[in-house]
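Comments concern the structure below.
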4 protein chains.
Amino acid sequence: MSSVKRTTDRRGAILAAAGKVFRAHGYAATTMEAVAAEAGVAKGSLYNYFRSKQDLFSQLFAEIISADEADVEQLVTEAIPADEKLQKRIDNVFAQLERYTAIGGLVLEFWATAARQQHKGEMAEMFEQMFSRWRGRISEIVSQGVESGQFRAEIDPNVAASLIVAVVDGIIVQSILDVGVDFGPEYLAGLKKGLLAALTAWADTKPPEYNQQQVPGE
Amino acid sequence: MSSVKRTTDRRGAILAAAGKVFRAHGYAATTMEAVAAEAGVAKGSLYNYFRSKQDLFSQLFAEIISADEADVEQLVTEAIPADEKLQKRIDNVFAQLERYTAIGGLVLEFWATAARQQHKGEMAEMFEQMFSRWRGRISEIVSQGVESGQFRAEIDPNVAASLIVAVVDGIIVQSILDVGVDFGPEYLAGLKKGLLAALTAWADTKPPEYNQQQVPGE
Amino acid sequence: MSSVKRTTDRRGAILAAAGKVFRAHGYAATTMEAVAAEAGVAKGSLYNYFRSKQDLFSQLFAEIISADEADVEQLVTEAIPADEKLQKRIDNVFAQLERYTAIGGLVLEFWATAARQQHKGEMAEMFEQMFSRWRGRISEIVSQGVESGQFRAEIDPNVAASLIVAVVDGIIVQSILDVGVDFGPEYLAGLKKGLLAALTAWADTKPPEYNQQQVPGE
Amino acid sequence: MSSVKRTTDRRGAILAAAGKVFRAHGYAATTMEAVAAEAGVAKGSLYNYFRSKQDLFSQLFAEIISADEADVEQLVTEAIPADEKLQKRIDNVFAQLERYTAIGGLVLEFWATAARQQHKGEMAEMFEQMFSRWRGRISEIVSQGVESGQFRAEIDPNVAASLIVAVVDGIIVQSILDVGVDFGPEYLAGLKKGLLAALTAWADTKPPEYNQQQVPGE
DNA sequence: AATGAATGAGCCTTCATTCAT
DNA sequence: CATGAATGAAGGCTCATTCAT
């Protein structure tokens with residue numbers, strides 16, 4: 001019933017091939033020929049489905065992002081305490097760290113090379129939306145926790161959400177760059193404990209004393 | 001009076017120009033011609049100082065990293081409490097967010113495009129060292145805090161350090177991607193408070209229940 | 001009627017154009033652009049048929065050599081006396097002096113410029129084979145003459161063949177270098193007479209007294 | 001008395017270095033930098049002695065040719081029979097085959113690459129003169145032999161000389177191209193015997209029957 | 001829709017030559 | 001005369017894109 005679909009799902013095949021090749025070689029070093037070869041089609045055929053290399057990349061990116069949507073959407077609506085929701089989200093990220101690393105690789109790829117030029121606007125928007133959605137969901141969860149009294153009242157859910165997203169992104173970056181961190185159970189436990197502690201406890205801080213430095217070519 | 005020798009310092013000029021152009025256009029989209037023009041030298045002159053485009057990029061990257069060294073090194077040895085050290089480091093990052101964003105951009109650039117190809121090994125090593133150093137320093141600070149009783153004893157300084165680095169990196173990434181976050185005083189305060197709370201308080205956590213999903217082209 | 005298939009035969013056209021341009025300007029001074037222009041194709045098209053300039057040159061050379069094969073091969077098997085075979089071969093060379101000059105030019109070109117670098121081995125082999133074949137054929141003819149009693153028995157067919165090839169090559173070289181020799185009928189006659197005389201007569205010789213001299217840069 | 005000269009014989013040093021490098025790498029693949037390095041001077045200094053790369057090559061070539069002059073000049077005037085003179089000349093060539101190979105290599109180099117472009121005329125002239133002189137000297141020797149009755153009267157000294165030069169050139173070419181010939185004593189003996197036989201005997205020949213063939217790009 | 005040969009703009013790199021010191 | 005950094009023209013090669021079949 002569903003197997004007849006495959007016969008001519010050229011677009012999907014190309015997209016999959018593109019994902020593979022872009023991740024392996026990077027945007028710039030990926031040739032349309034390589035994508036075609038991986039997809040098992042002729043070079044010219046690519047242009048029947050995508051206007052250009054840029055376009056292929058953009059659509060691939062959009063595809064990946066939208067696939068991530070449903071997954072997270074459901075979390076917010078579940079009927080469990082906020083702290084468990086957070087932990088569950090973290091667990092998800094770690095369980096799919098490999099997957100997020102792959103996506104993240106494409107993100108970097110994208111940012112670094114493709115986002116410039118013409119599509120800049122269109123792409124920046126995609127990024128912003130993706131992050132907003134993320135942040136929004138986390139923010140809701142934190143709000144729920146604050147309202148239920150689980151989390152401290154002084155907490156600004158938006159700031160907290162931004163920071164939580166930042167940790168996760170930072171972890172993904174470290175994973176992508178393969179920087180020698182062992183993301184084992186202790187790491188995961190440490191992260192969760194730290195996070196909840198930060199949301200339930202609160203500490204005093206000092207105001208900063210600024211100083212500056214130069215970067216070449218600034 | 002000390003050194004009127006460097007009448008022009010071509011190498012520095014080229015490096016500065018390269019930093020500017022690479023950051024503006026990305027590695028792949030940067031032409032040697034553009035760098036030369038920006039530096040105010042002839043195209044051929046670049047090759048009197050750098051063997052290739054790759055080499056130029058690598059040396060630029062190395063330059064930037066090494067410039068960051070001294071800056072952070074001193075922090076560890078200062079005679080102030082661990083929590084203040086951490087806050088100071090955070091303050092520094094925020095104060096120089098623009099600078100770190102620039103560096104980070106180059107890092108992404110680097111990872112995404114330049115690190116592949118031949119120099120992969122050499123470059124991966126540079127990355128790993130950079131992160132290790134970072135982590136190492138933070139880890140020392142956390143250790144100091146644990147020893148002095150400021151921070152909770154259960155904390156694993158290495159895990160904590162990794163996480164702290166992750167937050168900071170995540171923030172830098174968000175800054176680079178310009179994702180709509182306002183890194184104002186509240187954000188800074190929120191971060192510092194959360195951080196210290198996490199280090200001084202401690203919470204209970206739940207074990208994860210895993211689930212998986214696919215990425216196109218895997 | 002037999003093959004309307006090769007509507008354009010790009011490869012052949014490029015090869016022909018390359019032969020023309022290489023001969024006219026030499027390997028180093030020949031640009032791919034010039035070859036493309038001469039062939040009436042776009043610069044990039046050359047690389048659909050030949051991997052590189054070197055490759056183009058090599059294939060051109062191979063083509064020319066192989067074209068020369070059949071021509072000479074038949075001579076050995078013809079049912080005429082050895083002396084006539086030799087004369088016929090000489091006649092052929094003279095009749096096609098222009099052609100051989102062209103080939104020779106490419107050979108010099110080749111030796112002087114292209115054979116260095118990477119393909120040295122592959123190319124040296126081509127040379128050696130070409131010469132061996134030549135020599136082998138002449139050697140056979142001389143052998144036939146010696147066996148039939150036409151030529152003197154003391155003659156070593158291999159040495160004789162080498163020398164005959166040398167004269168012919170020398171003539172081609174002079175023709176290539178355009179050194180002011182008139183290759184008219186008298187010259188041809190003189191060569192043939194001298195050759196046959198040398199093979200039928202035999203003279204006394206003296207042992208050499210050696211002396212040496214220097215070349216700059218040795 | 002003569003050793004003070006060396007102190008500043010920069011020109012000679014450069015010339016020697018050029019000979020070495022040109023022979024090793026070929027004209028096109030030789031950089032002025034390499035010549036300078038080999039000569040132990042700075043790149044710019046070359047231009048104090050030679051107008052250009054071409055000029056350097058030309059002067060090197062002229063130098064080598066003129067060095068060959070004296071050597072052969074004396075032979076003609078010696079008071080020995082013509083056949084011995086010829087044999088002596090042949091012996092000389094063989095004794096110095098290595099040297100002639102070196103020169104020949106430069107000749108090919110020159111012809112193949114440098115002779116084109118502007119200096120074509122000047123260079124062609126040098127070639128022609130070199131060959132003429134060669135031929136002239138041999139021609140004289142043959143004349144002497146014909147006059148003294150040693151050689152046959154029907155022989156045209158000019159044609160004979162051309163042919164003798166051709167053999168020698170052919171041998172040098174084979175030596176340069178390193179084509180698998182063993183230039184041992186038998187080869188030398190065979191050459192000398194054949195040569196003298198050709199000059200003292202005489203044979204009947206047949207008129208040629210022409211046929212043609214094509215070269216790609218003609 | 002599929003194909004893949006053809007295209008040509010564009011880029012990195014080399015190197016002979018110049019010239020200020 | 002010596003030096004070597006600076007120059008810039010020139011060329012080989014790649015590859016996204018087009019288009020005739």
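On a predicted model such as this, the values are computed, not experimentally measured, just so you know. First the proteins, then the strands, lettered A, B, ... as listed; each starts at 1.
- Rounded to the nearest 0.5 Å, atoms CZ (D/R11) and CG (D/N48) are 13.0 Å apart.
- Put simply, CG on A/L46 is 13 Å from C1' on F/dC15, counting in whole angstrom units.
- Atom-to-atom, CD of C/Q54 to P of F/dG11 comes out at 17 Å; the value is rounded to the nearest Å.
- Along DNA chain E, the nucleotide nearest to A/G40 and the one nearest to C/G44 differ in position, and the one closer to the 5' end is contacted by A/G40.
- Closest-nucleotide positions on DNA chain F for C/E33 and B/N48 were compared, and the one nearer the 5' end corresponds to B/N48.
- Counting any heavy atom pair closer than 4.0 Å across all strands shown, C/T31 reaches sugar-phosphate atoms only and no base atom.
- Considering only the side chain of D/S45, F/dA2 comes nearest among E/dA2, F/dA2, E/dT13.
- Closest approach to the B/A42 side chain among E/dA2, E/dT17, F/dT7 is made by F/dT7 (side chain taken as heavy atoms from C-beta onward).
- Between B/K53 and D/T30, the residue whose closest nucleotide on DNA chain E is further toward the 5' end is B/K53.
- Cation-pi geometry between C/K53 and C/Y27 is satisfied (NZ or CZ under 6.0 Å from the ring centre, within 45° of the ring normal).
- Among the nucleotides F/dA5, F/dT17, E/dT7, the one closest to the side chain of B/Y49 is F/dA5.
- Consecutive Watson-Crick or G-U pairing (both distances under 3.5 Å) extending over three or more pairs maps onto DNA chain F as E:2-21 with F:2-21.
- Scanning atom types as modelled, one donor and one acceptor separated by under 3.5 angstrom connect the side chain of C/K43 and the base of E/dG10.
- Between B/M32 atom CE and F/dC13 atom P the separation is 20 Å, expressed in whole Å.
- Nucleotide F/dC15 holds its P atom 17 Å from the CZ atom of A/F57, rounded to whole Å.
- When distances are taken from the side chain of B/Y47 to each of F/dA6, E/dA16, E/dC12, the shortest belongs to E/dC12.
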